[in-house]
Participant: 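Pasting a structure here, questions to come.
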Amino acid sequence: MMQRTLAIIKPDGVARGLIGAVISRLEETGLKIAAMKMIQMTKKQAEGFYKVHAEKPFFDSVTDFMCSGPCIVMVLEGEEGIERYRKLMGATNYKEAEEGTIRRDFATDIEKNVVHGSDSPETAKYEINYFFNALEMISG
Ligand code: CMP
């Protein structure tokens with residue numbers, strides 16, 4: 001099934017010069033970039049983005065981190081795009097991520113884990129619409 005997913009290169013990835021490395025990996029796996037921009041979120045915007053985690057102990061810290069610098073936000077498109085991109089990222093905790101995944105190779109911390117990806121079709125819809133309108137996305 002053709003799917004779209006929301007991908008973010010987080011502030012640690014941008015600051016460490018990993019934009020090119022991350023984008024190369026997604027292109028190598030055949031995922032298409034349907035939209036892309038660089039933004040810096042406010043605390044409120046980061047809280048809205050991560051609202052499903054509002055009750056978690058790491059909510060305040062992760063929302064501080066996500067607005068601490070610019071991010072690259074992208075819409076990726078491909079067959080089984082959500083799962084393929086999740087496999088490419090690796091587990092949230094880089095210590096548990098498989099070899100060859102972005103997080104295993106580049107992450108330094110469970111929070112500073114370089115990339116974000118939607119975890120389900122419902123989340124993907126919410127997250128894509130959070131950052132992009134239809135005119136900003138290429139289809140096909
Ligand atoms: P992400 O996949 O973007 O979703 C929530 C983010 O919260 C996660 O990546 C991490 O950056 C951050 N985070 C910090 N601590 C934890 C934790 N214990 N479990 C899950 N996510 C965490």
Side-chain angles (χ1 to χ4, degrees):
M1 197 206 334
M2 206 62 171
Q3 288 177 326
R4 281 180 169 171
T5 188
L6 192 277
I8 303 181
I9 306 177
K10 297 185 179 187
D12 59 327
V14 173
R16 290 169 57 210
L18 296 173
I19 298 172
V22 171
I23 291 177
S24 289
R25 289 184 185 211
L26 9 129
E27 289 185 328
E28 280 159 17
T29 67
L31 287 163
K32 298 284 177 230
I33 299 171
M36 176 162 66
K37 60 189 169 188
M38 180 179 258
I39 56 153
Q40 181 159 2
M41 282 185 261
T42 62
K43 177 81 170 168
K44 283 261 169 303
Q45 288 166 340
E47 287 171 349
F49 176 68
Y50 276 131
K51 71 176 189 188
V52 293
H53 296 303
E55 305 306 321
K56 305 270 174 62
F58 56 82
F59 183 66
D60 192 42
S61 174
V62 77
T63 51
D64 275 348
F65 164 58
M66 289 300 279
C67 65
S68 67
C71 291
I72 300 290
V73 287
M74 291 174 276
V75 178
L76 307 179
E77 197 171 66
E79 279 297 323
E80 307 306 323
I82 295 174
E83 188 49 34
R84 276 168 65 203
Y85 178 56
R86 288 181 68 75
K87 278 200 102 148
L88 192 66
M89 289 193 296
T92 304
N93 183 350
Y94 72 104
K95 292 179 181 165
E96 292 165 8
E98 281 182 39
E99 280 191 33
T101 61
I102 294 170
R103 286 167 169 165
R104 174 66 173 258
D105 291 347
F106 299 120
T108 54
D109 184 289
I110 192 166
E111 180 173 278
K112 295 178 182 59
N113 60 357
V114 185
V115 281
H116 168 84
S118 311
D119 63 6
S120 68
E122 296 68 40
T123 325
K125 193 163 184 234
Y126 174 78
E127 293 183 353
I128 289 168
N129 291 333
Y130 198 76
F131 292 113
F132 295 97
N133 66 46
L135 284 175
E136 296 173 300
M137 284 183 268
I138 308 298
S139 61

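Atoms within a ligand are numbered from 1 in the order they appear, just like the ligands themselves. Since the structure is predicted, the reported quantities are computational estimates derived from the model, not experimental observations.
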Participant: Could you name each residue pair satisfying salt bridge (Lys or Arg N to Asp or Glu O under 4.0 Å) that touches residues 114-135, not counting sequence neighbours?
Facilitator: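 Every candidate salt bridge (Lys or Arg N to Asp or Glu O under 4.0 Å) pair involving residues 114-135 fails, so no pair, neighbours aside, qualifies.
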Participant: Using a strict threshold of under 4.0 Å (side-chain N to carboxylate O), is an ion pair present between E77 and K32?
Facilitator: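 Answer for the salt bridge query: no.
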Participant: In Å, rounded to the nearest 0.5 Å, how long is the span from NE2 of H53 to CZ of F58?
Facilitator: 5.0 Å
Participant: Name all residues meeting the side-chain hydrogen bond (donor to acceptor under 3.5 Å, both in side chains) criterion together with S24; count only those two or more places apart in sequence or in a different chain, and write none if there are none.
Facilitator: none
Participant: What residues, two or more places apart in sequence or in another chain, satisfy side-chain hydrogen bond (donor to acceptor under 3.5 Å, both in side chains) together with R25?
Facilitator: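 Result, side-chain hydrogen bond (donor to acceptor under 3.5 Å, both in side chains) vs R25: D105.
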Participant: So which residues, sorted by chain and number, lie with a heavy atom under 4.0 Å of ligand 1?
Facilitator: K10, Y50, H53, F58, V62, T92, R103, I110, E111, N113, H116
Participant: Any cation-pi pair here, K37 with F131, using under 6.0 Å and within 45°?
Facilitator: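 Negative - K37 is either too far from the ring of F131 or too far off its axis.
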